[in-house]
Number of protein chains: 2
Amino acid sequence: MQRKLPQSNLYLREEELRRGIELLYFAYRDFTRDPDEILATSNFGRAHHRVLYFVGRNPGTTVSGLLHQLRITKQSLSRVLGQLVEDGYIDQRPGTEDRRQRLLILTDKGEEFEKSLFETQRNRVAEAYKKAGPEAVAGFWEVLLNIVDEQERSAVLQQIEK
Amino acid sequence: MQRKLPQSNLYLREEELRRGIELLYFAYRDFTRDPDEILATSNFGRAHHRVLYFVGRNPGTTVSGLLHQLRITKQSLSRVLGQLVEDGYIDQRPGTEDRRQRLLILTDKGEEFEKSLFETQRNRVAEAYKKAGPEAVAGFWEVLLNIVDEQERSAVLQQIEK
DNA sequence: CCTATTATGTCAACAAAGCTGACATATATT
DNA sequence: AATATATGTCAGCTTTGTTGACATAATAGG
């Protein structure tokens with residue numbers, strides 16, 4: 001618009017980059033809406049959802065494992081995790097090798113709640129996969145993975161390929 | 001893991017859906033880090049970034065236009081927008097047809113700052129595009145667009161194809 | 001065995017960015 | 001002239017992140 005067209009290659013590139021950035025923003029904005037609506041009827045928020053998700057996905061994970069994945073401080077996590085434990089959504093068990101650790105697992109109640117949250121996002125993503133087709137999905141994964149910090153990619157790969 | 005394998009189709013499907021959900025989470029997490037680091041050295045936050053971005057991208061947009069795109073309340077926007085106007089990053093001009101409106105445009109200072117924020121994300125996305133290749137990029141766009149709320153898709157298309 | 005380190009928890013204070021509700025002003029619209 | 005709309009503003013609240021300081025239990029290294 002404001003920009004006089006430069007070498008048309010660069011111009012296209014700019015458009016394409018803006019497109020990715022904007023789609024990522026809008027998709028993420030809507031992607032978080034469905035679970036947020038459910039959460040709003042409980043005493044929990046998006047932070048609780050993340051904890052439930054990753055504990056459910058990695059049963060027996062430690063507190064510090066969770067901290068690394070979420071990239072938040074232990075004080076932030078503690079508040080959220082404490083509520084989830086208190087309300088019976090997550091159980092803590094002392095580590096077997098290292099008894100300082102608290103191994104985290106979902107209770108049945110926690111599993112059920114996580115499932116209800118997951119289902120909304122699952123439906124949205126399943127629908128999008130169906131509309132876009134398998135090749136598009138492969139591209140979707142590949143670009144997203146490369147957007148992740150390079151040092152983190154192997155950790156992410158390990159997580160998603162589990 | 002915990003799950004005994006059901007019909008293998010469904011099992012695969014579950015893995016694929018989890019993968020999309022997790023990649024979206026991790027990619028978004030890192031995607032916002034670079035600008036956040038710059039913002040941390042200023043008095044602004046991620047909310048200011050979004051306003052600067054969309055005003056820069058849609059010069060002359062109105063307050064309510066911005067509200068719809070960001071999906072926040074006018075009180076939330078007001079705080080952030082007010083600071084940006086006060087500090088000389090955004091100018092307001094009365095609408096030409098409807099003088100109740102405030103048309104928003106970046107000042108030179110605002111444009112420069114937005115550029116510095118944009119550049120970090122631009123680099124990250126450009127690198128990811130390069131590594132994944134053009135077909136993957138097309139799939140990336142397609143899946144993301146389909147993750148957006150259906151009623152919003154035409155609005156998003158209009159924005160990204162501008 | 002003693003010491004240092006590590007994993008976790010906790011208290012306190014603060015900031016960013018969202019929300020609701022109520023009310024004000026200027027301009028358009030009918 | 002009355003009503004509706006676009007915007008702004010005040011006040012208070014919530015969620016979720018931050019720092020900094022300190023506590024406890026268990027491990028690890030000498």
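Fair warning: this is a prediction, and the values are worked out from it, not measured in the lab. Sequence lines set the chain letters: A, B, ... in the order given, protein chains first and strands last, and positions in each chain run from 1.
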Check the pair B/Lys109, B/Asp87 against salt bridge (charged side-chain N to carboxylate O under 4.0 Å, His left out), reporting the backbone distance first and the verdict last.
CA-CA 10 Å; B/Lys109 185 180 174 187; B/Asp87 294 359; over 6 Å; no

Hey, would you say the B/Tyr28 and A/Phe31 ring centroids sit under 6.0 Å apart?
no

Considering only nitrogen or oxygen atoms on both sides, find all protein atoms under 3.5 Å from nucleotides 5-7 of chain C and state each distance.
unit_1 : atom_1 : unit_2   : atom_2 : d
C/dT6  : O2     : A/Arg100 : NH1    : 2.3

Among D/dT16, C/dG18, D/dT18, which nucleotide sits nearest the side chain of B/Ala47?
C/dG18

Can you check whether B/Ser78 has a side-chain N or O nearer than 4.0 Å to OP1 or OP2 of D/dG8?
no

Assert: residue with more 5' nearest nucleotide on DNA chain D, out of B/Leu67 and A/His48, is B/Leu67

Rounded to whole angstrom units, what separation is found between the CG atom of A/Leu77 and the C1' atom of D/dT19?
17 Å

Do B/Leu67 and B/Leu70 belong to the same hydrophobic cluster, where Ile, Leu, Val, Met, Phe, Trp and Tyr are linked whenever their side-chain heavy atoms lie under 4.5 Å apart, directly or via other members?
yes

Closest-nucleotide mapping onto DNA chain D: is A/Arg71 or A/Glu97 further toward the 5' terminus? I mean the 5' end.
A/Arg71

Mutual orientation of the aromatic rings belonging to B/Tyr89 and B/Phe44 [parallel < 30°, tilted 30-60°, perpendicular > 60°]
perpendicular

The correct set of residues in residues 86-93 of chain B placing a heavy atom under 4.0 Å from DNA chain D is B/Gln92

Using only atom types and a distance under 3.5 Å, with no angle test, would you say the side chain of B/Arg153 pairs donor to acceptor with the backbone of B/Asn146?
yes

Determine, step by step, whether A/Gln121 and A/Asp34 satisfy the side chain to side chain contact (heavy atoms under 4.5 Å, CB included) criterion, reporting the C-alpha distance in whole Å, the side-chain angles of both residues, the deciding distance to 0.1 Å, and the verdict.
CA-CA 7 Å; A/Gln121 294 190 317; A/Asp34 303 332; 5.5 Å; no

Would A/Leu103 end up clustered with A/Leu77 when hydrophobic side chains under 4.5 Å apart are linked, directly or stepwise?
no

Has the side chain of B/Gln75 got a donor or acceptor that lies under 3.5 Å from a partner of the other kind on the base of D/dG12?
no

Is the ring centre of B/Phe54 less than 6.0 Å from the ring centre of A/Phe26?
yes

From D/dG8, D/dT18, C/dG18, pick the nucleotide closest to the side chain of B/Lys74?
D/dG8

Give B/Arg46 one of three labels, base, sugar-phosphate or nothing, depending on what nucleic acid heavy atoms sit under 4.0 Å from its own.
sugar-phosphate

For the residue pair A/Phe140 and A/Tyr129, does the interplanar ring angle fall in the parallel (under 30°), tilted (30 to 60°) or perpendicular (over 60°) class?
perpendicular

